[in-house]
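Order of the sequence lines sets the chain letters (A, B, ...), proteins ahead of strands, with each chain counted from 1.
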2 protein chains.
Amino acid sequence: MTGRRPTIRPVSSVDVAKLAGVSQSAVSRTFSPDGSVSAATREKVLAAAAALGYRPNRIPAIMLSGRSHMVGVVVGGLDNPFYATVLDRFAVALREIGLQVLLVQVADSVALDDALDQLAGYRVDAAVTALAVGTQRAADALSALRIPIICFNSRLTSPWISTVQSDNRTAGRDAADLLADRGVRRPAWMAGPRANAASQERGRGFAERLAARGLPSPTLLRGDDTYQGGQDAVRRLLSTSPPPDGLFCGNDLMACGAIDALRQAGGLSIPRDVRVVGYDDIPQASWQSYDLTSFDQQVERMVAATLDLLAGALAGPPGPTGGRTVRIPVRLVPRGSTRQGG
Amino acid sequence: MTGRRPTIRPVSSVDVAKLAGVSQSAVSRTFSPDGSVSAATREKVLAAAAALGYRPNRIPAIMLSGRSHMVGVVVGGLDNPFYATVLDRFAVALREIGLQVLLVQVADSVALDDALDQLAGYRVDAAVTALAVGTQRAADALSALRIPIICFNSRLTSPWISTVQSDNRTAGRDAADLLADRGVRRPAWMAGPRANAASQERGRGFAERLAARGLPSPTLLRGDDTYQGGQDAVRRLLSTSPPPDGLFCGNDLMACGAIDALRQAGGLSIPRDVRVVGYDDIPQASWQSYDLTSFDQQVERMVAATLDLLAGALAGPPGPTGGRTVRIPVRLVPRGSTRQGG
DNA sequence: TTGTACGCGTTATCAT
DNA sequence: ATGATAACGCGTACAA
C-alpha cells in the first residue's frame with residue numbers, strides 16, 4: 001500500500017457515488033458545468049454530497065488537463081504601497097477569471113531560484129511579476145519555467161516574457177514641462193536604484209525635456225525607492241549644495257522622504273521654495289501633509305492589459321508567446337506640491 | 001483516451017527515465033531528499049533531466065499524500081500598510097518551511113464563499129486569515145473547510161480556528177496611562193468599524209483605564225480604519241464640539257487622517273494642543289510629518305506564533321485542533337505626537 | 001442518460 | 001541499489 005494517512009480521508013467522489021447509489025462518473029458529471037445528468041440523479045448525488053460534506057477535488061483535474069489554473073505572482077517589497085495595491089488588484093482580477101494566485105515574495109535574487117522551482121513544481125500556468133528590480137538573471141530564471149510571463153513595469157525580456165508598463169518616458173517629460181512652467185531654474189532628479197529600469201526611463205524623459213526647454217541638466221540624487229532613501233539623499237545634497245527649486249522623484253515614497261527632509265533639514269517650504277513631483281500616486285501622496293503632485297499609473301488598466309496578455313497566452317497551445325510590450329499612459333495628478341505661486 | 005492536449009506535454013519522469021536508460025523509479029529517487037541511488041545512476045538521471053529541462057511535478061504527490069503543502073492566505077484590504085506587511089512576512093515565513101501561499105483577497109463577504117470553495121478545491125492544508133473584519137458568518141464559512149485555520153488579530157472562533165492577536169486591551173490601557181501622564185483632561189477615542197473586534201478591545205482597555213485614573217469617558221469618534229475616515233471623523237467633531245486634548249485611534253491610518261484634520265481644519269498643533277496615539281506602527285507613523293506615537297504589534301512574533309500553531313495542527317492527524325488563542329504583547333513606540341511639553 | 005475502464009505523474013511497497 | 005507495480009481522485013471516451 002502507499003504510505004498515505006490511514007486515518008481520515010477527505011470525502012471523494014467515490015464515497016458520494018456509493019452513498020447515492022450511482023456511479024462515480026455520475027458524481028463527476030453532476031459537478032461539471034456541462035455534464036448531462038438526469039434531475040433524479042443530480043438530486044441523489046447532491047443529497048449524498050451534502051450529507052458527506054463532499055468538495056470536488058481539483059488536483060486530479062490538473063493532472064488530466066495539464067492546466068492548474070494557478071498563476072504565480074512574484075512580488076518584491078510590499079512595503080511600497082504601490083505594489084501592495086497592484087497585488088490587491090491582481091488577486092481580485094485573477095480570481096474573477098477563475099485563476100488562483102500562488103504568491104511568491106522575493107526579497108533577494110538568491111531566493112528567486114528556489115521560489116521559481118517551487119512554482120514550477122506546482123505547474124502554474126503562467127506567472128506575473130511585479131518586481132521593482134529587473135535583472136537579466138531574473139529574466140533568465142523566469143524564462144526557464146517555460147510558461148508565459150507577464151512583467152509589470154519592469155523591462156525583462158525573453159521569448160516567454162511580455163511586458164506591461166506605464167509610459168515612464170512621457171511622464172518624465174511631462175514632469176519637466178510642469179516644473180518649467182512653474183518657473184523652476186535649478187531642477188533635480190531623484191533616481192531609484194540603477195537596476196530599476198522604469199525609474200531610469202522617467203529620469204531620461206525628464207532630462208531630455210528639460211534640455212529642450214533650455215534648462216540645465218538636473219542634479220542627480222540617488223535614492224533607493226524608499227522613504228528613508230529619499231530623506232537621506234536630500235540631506236546629503238543640502239549639506240553640500242544650495243537646494244534645487246524643483247524636484248522630480250522616481251517614486252512617491254522617496255518624494256515623501258524628500259519633502260520631509262527639505263522642510264526639516266532645509267527649513268524650506270513646499271511649493272514656495274521647492275516644487276516636488278512624485279510617481280505612483282500612492283494613497284499617501286494625497287495625504288494633506290504631503291499633498292504631492294504625482295503620476296497615476298492607472299493600475300486598473302495595467303492589470304487589465306496584463307490579464308489580456310495572460311488570457312491570450314493561455315488560450316493557444318503551450319509555447320513562447322512573449323516579446324510583446326504594452327505601454328499604458330499615465331495621468332498627471334496635480335496637487336499642492338507644485339501649486340502656482342505657493 | 002482522455003482529452004488532454006496532444007501537442008506538447010511537460011517533460012515527465014518517464015521521459016527522463018527513457019533517455020537515461022533507467023527505470024522511472026530511479027528518476028523519482030534521484031529527486032527525492034531521501035532516495036538512495038548510486039552515484040552512477042544519479043549522474044545519468046541528472047544529465048538526462050538537464051537535457052530535457054525536467055522539473056519534478058508536485059501535483060501527483062498531493063494526490064498520494066493528501067497534503068498539498070499549500071496554505072490559503074485570506075486577506076482583505078492591502079491598502080492598509082499593516083496588512084501588506086503582514087502578508088509580506090507570511091509569504092516569506094511560509095516559504096521558509098516549505099509551504100506555498102495560495103492568496104485570496106476578499107473584498108466583501110459575498111466573495112468569501114466563492115473564494116473558499118476554490119481553496120477547498122485545491123486542498124490547501126490550512127488557512128491563515130488576516131481579515132480586519134471578523135463576523136460569525138466568516139467563521140462558519142472558514143470552518144466549513146474542515147482544515148486548521150489561524151486567525152490573525154480577529155476574534156473568530158470554532159473548533160477549527162485558533163487565534164493570534166496582539167494584546168489589544170493592555171495596549172488600550174497603556175495608551176490611557178500615557179495620555180493621562182501627559183496631563184490630558186478631555187480624552188477621545190476613535191474606533192474602527194463595529195465588526196473590528198480588535199479595535200473594540202483597544203477602546204475598552206482605554207476607557208477602563210481612563211476611568212481608573214479619574215478621567216472622563218472618552219468622546220467617541222467613529223472611523224472606518226482608513227485615513228479618510230479618520231479625517232472625516234475629526235472634522236465632524238470639530239464642527240460641533242471643542243477639540244479633545246488627547247486622542248487614541250484604533251489604527252495608524254485613522255490617526256494620520258486625524259492629525260491632518262486637527263491641523264488643517266482645527267488649526268491645532270500636535271502635540272501642543274492635542275496628543276495623538278495610534279496603533280500598528282505602520283511605516284508612515286515614523287514619517288516626520290506625523291511622528292506618531294504608536295503600538296508595534298510585533299508582527300514577526302505574531303507570524304512566528306501563527307506558524308507554530310500551523311505546524312502543530314499539520315503535524316498530527318487531520319482533525320479540529322483549534323480553539324487556542326495566543327496573545328502577543330505590544331510595544332509602545334513613543335514619538336513626537338505625545339512629546340512632553342510640546 | 002448511465003456505467004465501465006483507463007490514464008494523468010508521482011511515491012511507496014515489494015521483490016529482485 | 002534497482003525495477004515493476006499499485007494507488008491517489010478525477011475526467012473522459014466508449015459501450016450499453
Inset, instruction - Measure the acute angle between the ring planes of F31(B) and Y54(B), then classify it against the limits of 30° and 60° as parallel, tilted or perpendicular. - result: perpendicular
Inset, instruction - Report the residue (S25(A) or R58(B)) whose heavy-atom-nearest nucleotide on DNA chain C is the more 5′ of the two. - result: S25(A)
Legend entry - side-chain N/O S65(B) vs dT11(C) OP1/OP2, d < 4.0 Å: no
Inset, instruction - Choose from dG3(D), dT2(C), dG7(C) the nucleotide whose nearest atom is closest to any side-chain atom of S38(A). - result: dT2(C)
Legend entry - Ion pair D113(A)/R137(A), N-O distance below 4.0 Å: yes
Legend entry - Per S28(A) side chain, nearest of listed nucleotides dG11(D), dT10(C), dG9(D): dG11(D)
Legend entry - CA sep, side-chain torsions, deciding dist, call: Q105(B), D88(A), side chain to side chain donor-acceptor pair (under 3.5 Å): CA-CA 7 Å; Q105(B) 138 72 286; D88(A) 190 289; 2.5 Å; yes
Legend entry - Residue mapping more 5' on DNA chain C - nearest nucleotide basis, Q24(B) or A26(A): A26(A)
Legend entry - Nearest heavy-atom neighbours spanning R123(B) and V11(A): NH2-O, 3.9 Å
Inset, instruction - Would you please indicate yes or no on a ring centroid separation below 6.0 angstrom for F90(B) and F152(B)? - result: yes
Inset, instruction - Taking all heavy atoms of L145(B) and all of L116(B), pick out the closest pair and write down the distance. - result: CD2-O, 3.4 Å
Inset, instruction - Take S13(A) and S36(B), find for each the nucleotide of DNA chain D with the closest heavy atom, and name the residue whose nucleotide sits nearer the 5' end. - result: S36(B)
Legend entry - Touch class at under 4.0 angstrom, heavy-atom based, for V27(A) against every strand present: nothing
Inset, instruction - Just call it for S12(A): base, sugar-phosphate, or nothing, with non-hydrogen atoms closer than 4.0 Å on any strand. - result: sugar-phosphate
Inset, instruction - Describe the nucleic acid contact of Y54(A) in one word from base, sugar-phosphate, nothing, applying a heavy-atom distance below 4.0 Å. - result: sugar-phosphate
Inset, instruction - Can you tell me the distance, in whole Å, between the CG atom of N57(A) and the C1' atom of dC8(C)? - result: 13 Å
Legend entry - Exercise: do D114(B) and Q118(B) side chains pair donor with acceptor under 3.5 Å: no
Legend entry - For DNA chain D, the dot-bracket pattern of Watson-Crick and G-U pairs whose distances stay under 3.5 Å, | for other-strand partners: ||||||||||||||.|
Inset, instruction - Measure distances between side-chain N and O atoms of R123(A) and base N and O atoms of dG9(C), and say whether any donor-acceptor pair falls under 3.5 Å. - result: no
